[in-house]
Amino acid sequence: QVQLVESGGGLVQAGGSLRLSCAGSGTDFSTYAMGWYRQAPGRHRETVALIVSSGSTSIADSVKGRFTISRDNAKNTVYLAMNNLKPEDTAVYYCNAETLGMDYWGKGTLVTVSS
């Protein structure tokens, strides 16, 4: 069974940092494009960061300079390092893996940033 499991969310004060992890199992994700998405209450899900198999990344303008995406293919894991967090970063963060029509999602991890 293919699974993605996010961890690392929690409550942090504005200006703080968190690192999210997304551990994959059930298949080799090294050839997949991986991504982090988030959904705040009452808002649509939005793309936060993407990383393809080559390691190239794409970061949303709203978090550029504060968030970094990386992957460890040996551990089948993708990370999202979040620095200088703001209250508007509060959301459920989801991990995604995609390749050639195969699309998997984790159940999400909640990040709450207090002002």
Is there side-chain contact between [X] and [Y], with at least one heavy-atom pair below 4.5 Å?
X	Y	value
V78	I69	yes
Y37	L50	yes
R38	V111	no
N96	Y94	no
M82	W36	no

Going from [atom1] on [X] to [atom2] on [Y], what distance comes out if it is rounded to the nearest 0.5 angstrom?
X	Y	atom1	atom2	answer
S17	N84	OG	CG	8.0 Å
T77	M34	OG1	CE	8.0 Å
L80	S70	CG	OG	8.5 Å
C95	K107	SG	NZ	14.0 Å
T57	F67	OG1	CZ	14.0 Å

- Query: Is there a donor-acceptor pair under 3.5 Å between the side chain of T90 and the backbone N or O of V113?
  - Reply: yes
- Is the backbone of C22 close enough, under 3.5 Å, to the side chain of E6 for a donor and an acceptor to pair up by distance? no
Closest heavy-atom pair and its distance - [X], [Y]:
X	Y	result
P87	A14	CD-CB, 4.1 Å
Y93	L20	CB-CD1, 3.6 Å
L11	S114	CD1-CB, 4.3 Å

ILVMFWY network linking [X] to [Y], side-chain heavy atoms under 4.5 angstrom:
X	Y	answer
L110	V63	no
L18	V92	no
V12	V48	yes
I51	F29	yes

- Message: Check this for me: does any side-chain nitrogen of one of D89 and K86 sit under 4.0 Å from a carboxylate oxygen of the other?
- Response: no
- Angle class for the Y32/Y104 ring planes (parallel below 30°, perpendicular above 60°, tilted otherwise)? tilted
